[in-house]
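For reference, the structure discussed in these notes is given below.
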Amino acid sequence: MSMSRSERSVARNVSTWFGEHARDLPWRTVAAHAHPRRDPYAVLVSEAMLQQTQVARVIDKYESFMAAFPTVNDLADADEQHVLALWSGLGYYRRAGRLHAAAKMIVQRFDGRVPGDVADLLKLPGVGRYTAGAIASIAFGRAEPIVDGNVARVLCRLHAQDALPDSPDGRRWLWSQAEALVRAADDPGDLNEGLMELGATVCTRVGPACRQCPLKRACLACAAGRQEELPRPRRRARQRTVHHASIIIERADRILVEQRADDGMWAGMWQAPTIESDRPVSLRRIRHEMPALTSLERITSFRHITTHRRIMFTVYRGSGNVPGRYVTPSQWRRLPLSNAQHRVLSLVGGACTAPSVAAR
DNA sequence: AATTCGGGGCT
DNA sequence: AGCCCAGAATT
């Protein structure tokens, strides 16, 4: 990999800009109390949470997670459901199980220390090329590249790159560019964080602040006025509509809950008994599936949007001697719950004291 | 190479 | 309504 003069210049400009703005940057706010010593375990946890998740949404979750599992040993010894429960609201819940498994592997195979080599890091469940590079560079100072959505946007604009960032060619190109820059940098961690931070705060998807950009003189997209049209948008996943009928059954001050299957959406998480279908779920269907019901009335409906689904929730209140696990409000709030099911359960069980969905 | 996995924020 | 987000694993 050649290291041209322009690469050194870009790396220097990004690192300098990052240093000058460090105090004001959102991520540094996280980093300051998230991993002040750039503790590798802290970086592992925060980077796992940050996968496809914006910094602002991670901060509170990160705090409570680290309070519960301060060290990799604590996490390795933790109860699986406890780990998943502390992930509630963050989405992509398989990350929680993988992080848990990674902690166990670190204890068993890496002597309780997060490895610093990318090759070793890639052996950890849930750790891919990005996360491995982030830990290696940020926590260990290794000159390892990273490419996330921010870096891809910065690099595509800097070079007026028309290739799709998702395509094999685009990906190869991005990683080679990122590698050239990190090798030209004095501090790999600062360079990588600087590239991401630049993308998050200056080189934004819409309305980039090119006039304040430390790379404006080198940026081909800016020179051509093409900053708004690069990078080219990725293919959109198609969404399908599904219907969930959730039935709230109370017994004294408790609600009936069930655990979801260990695959698919919200794997292993808890919910009010729910019937899923491609078509609206009829009352007759509910009665058929839950014959013990003696009454059934619709409470409300709402829609829950995810990347691949539009879920039409209909919530019912039912009564009858339905067997299963009944939990109090304080108990179900400690269960692993999707935001949708948190909303369902909040409709009756101690709704006034439940945290709002937005605050979770 | 395409899909699956959440959920929210911002146009 | 569409797009993206400090991605990874599976098919």
Side-chain angles (χ1 to χ4, degrees), chain A residues 25-28 30-31 34-35 43-62 84 87-99 101-102 121-135 137-138 145-154 164-171 174-175 178 189 192-201 203-207 228 231-240 260 262-269 303-311 336-343 356-360:
Chain A
L25 298 172
W27 168 242
R28 301 305 286 187
V30 183
H35 32 87
V43 178
L44 169 64
V45 172
S46 57
E47 292 298 342
M49 286 189 169
L50 284 163
Q51 289 164 5
Q52 289 291 285
T53 309
Q54 292 171 348
V55 171
R57 296 203 46 72
V58 164
I59 298 176
D60 288 346
K61 296 294 177 189
Y62 174 85
L84 191 55
W87 211 274
S88 290
L90 259 187
Y92 285 169
Y93 296 99
R94 237 173 288 280
R95 293 182 295 172
R98 290 181 182 137
L99 177 59
L121 286 163
L122 288 173
K123 297 172 184 165
L124 301 174
V127 175
R129 201 171 173 185
Y130 163 79
T131 305
I135 296 171
S137 63
I138 295 172
I146 59 174
V147 176
D148 72 332
N150 292 304
V151 175
R153 187 168 53 251
V154 170
L164 284 167
D166 288 1
S167 67
D169 283 348
R171 206 165 305 188
L174 284 167
W175 281 91
N192 284 338
E193 287 197 67
L195 278 176
M196 293 190 288
E197 199 58 56
L198 189 64
T201 62
C203 193
T204 50
R205 187 169 63 86
V206 293
E228 296 273 6
R232 285 169 56 194
R234 63 182 62 185
R235 254 185 44 128
R236 227 184 111 54
R238 65 171 178 285
Q239 238 174 13
R240 67 189 178 102
R260 292 181 62 85
D262 59 4
D263 61 350
M265 264 265 279
W266 299 321
M269 305 185 78
R303 102 178 57 188
H304 184 85
I305 306 289
T306 74
T307 303
H308 294 270
R309 289 179 183 76
R310 314 160 43 91
I311 306 175
L337 294 173
S338 67
N339 270 5
Q341 284 295 327
H342 189 277
R343 182 169 174 178
S356 74
V357 171
R360 298 188 68 210

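Lettering follows sequence order; numbering is per chain, from 1.
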DNA chain B nearest-nucleotide lookup for Pro168(A) and Gln52(A): closer to the 5′ end is Pro168(A)

Nearest-nucleotide comparison on DNA chain B, the residue closer to the 5′ end among Gln54(A) and Asp263(A): Asp263(A)

Proximity to the side chain of [X] - top-ranked nucleotide from [options]:
X: Arg310(A); options: dA1(C), dG8(B), dC4(C); result: dA1(C)
X: Gln51(A); options: dA1(B), dC4(C), dG7(C); result: dG7(C)
X: Thr131(A); options: dA8(C), dA6(C), dC3(C); result: dA8(C)
X: Met265(A); options: dG6(B), dG8(B), dA6(C); result: dG6(B)
X: Arg57(A); options: dC3(C), dA1(C), dG7(B); result: dG7(B)
X: Arg238(A); options: dT3(B), dG8(B), dC5(B); result: dT3(B)
X: Arg303(A); options: dA1(C), dT4(B), dG8(B); result: dA1(C)
X: Arg205(A); options: dA6(C), dC3(C), dG6(B); result: dC3(C)

Spacing of CD1 belonging to Ile146(A) relative to CZ belonging to Arg129(A), to within rounding of 0.5 Å: 12.0 Å

Between the CG atom in Leu198(A) and the CG atom in Asn150(A), the distance rounded to the nearest 0.5 Å is 9.0 Å

Determine: side-chain N/O of [X] to OP1/OP2 of [N], distance under 4.0 Å, yes or no.
X: His308(A); N: dC5(B); value: no
X: Arg309(A); N: dT4(B); value: no
X: Asn192(A); N: dA6(C); value: no
X: His304(A); N: dG7(B); value: yes
X: Trp87(A); N: dG6(B); value: no

Would you write out the dot-bracket form of DNA chain B, 5' to 3', with Watson-Crick and G-U pairs under 3.5 Å, [ ] for crossing pairs, | for pairs to other strands and . for unpaired bases? |||||.|||||

Under 3.5 Å donor-acceptor, Thr204(A) side chain and Thr201(A) backbone: no

Value in whole Å for how far the [atom2] atom of [N] lies from [atom1] of [X]:
X: Glu197(A); N: dA6(C); atom1: CD; atom2: P; result: 9 Å
X: Arg94(A); N: dT3(B); atom1: CZ; atom2: P; result: 18 Å
X: Glu228(A); N: dC3(C); atom1: CD; atom2: P; result: 15 Å
X: Ile305(A); N: dG9(B); atom1: CD1; atom2: C1'; result: 14 Å
X: Arg235(A); N: dT4(B); atom1: CZ; atom2: P; result: 11 Å
X: Tyr92(A); N: dG6(B); atom1: OH; atom2: P; result: 8 Å
X: His342(A); N: dG6(B); atom1: NE2; atom2: P; result: 17 Å
X: Ile138(A); N: dA6(C); atom1: CD1; atom2: P; result: 13 Å

Set of side-chain contact (heavy atoms from CB on, under 4.5 Å) partners for [X], sequence neighbours left out:
X: Ala96(A); result: Val83(A), Leu84(A), Trp87(A)
X: Arg98(A); result: Arg94(A), Pro125(A)
X: Gln51(A); result: Arg95(A), Thr131(A)

Identify, with sequence neighbours excluded, every residue that meets salt bridge (Lys or Arg N to Asp or Glu O under 4.0 Å) alongside Arg260(A). Glu276(A)

Taking only the [atom1] atom of each, what is the distance from [N] to [M] in whole angstrom?
N: dA6(C); M: dT3(B); atom1: C1'; answer: 22 Å
N: dT11(C); M: dG6(B); atom1: P; answer: 15 Å
N: dG9(B); M: dA8(C); atom1: C1'; answer: 23 Å

At 4.0 Å (heavy atoms only), tell me whether [X] reaches a base, stays on the sugar-phosphate, or touches nothing.
X: Gly207(A); value: nothing
X: Leu90(A); value: base
X: Arg153(A); value: sugar-phosphate
X: Val151(A); value: nothing

Do Leu121(A) and Leu44(A) pass the side-chain contact (heavy atoms from CB on, under 4.5 Å) test, and can you show the C-alpha distance, the side-chain angles, and the key distance before you say yes or no? CA-CA 10 Å; Leu121(A) 286 163; Leu44(A) 169 64; over 6 Å; no

Should the side chain of Thr307(A) and the base of dG6(B) be counted as holding a donor-acceptor pair, with the cut-off at 3.5 Å? yes

Between the side-chain atoms of Ser338(A) and the base atoms of dG7(B), is any donor-acceptor pair under 3.5 Å? no

Looking at residues at least two apart in the chain, or sitting in another chain, which of them share a side-chain hydrogen bond (donor to acceptor under 3.5 Å, both in side chains) with Asp169(A)? Arg172(A)

Select from Arg98(A) and Thr53(A) the residue whose nearest nucleotide in DNA chain C is closer to the 5' end of that strand. Thr53(A)

Taking it one step at a time, do Leu164(A) and Arg235(A) satisfy side-chain contact (heavy atoms from CB on, under 4.5 Å)? CA-CA 9 Å; Leu164(A) 284 167; Arg235(A) 254 185 44 128; over 6 Å; no

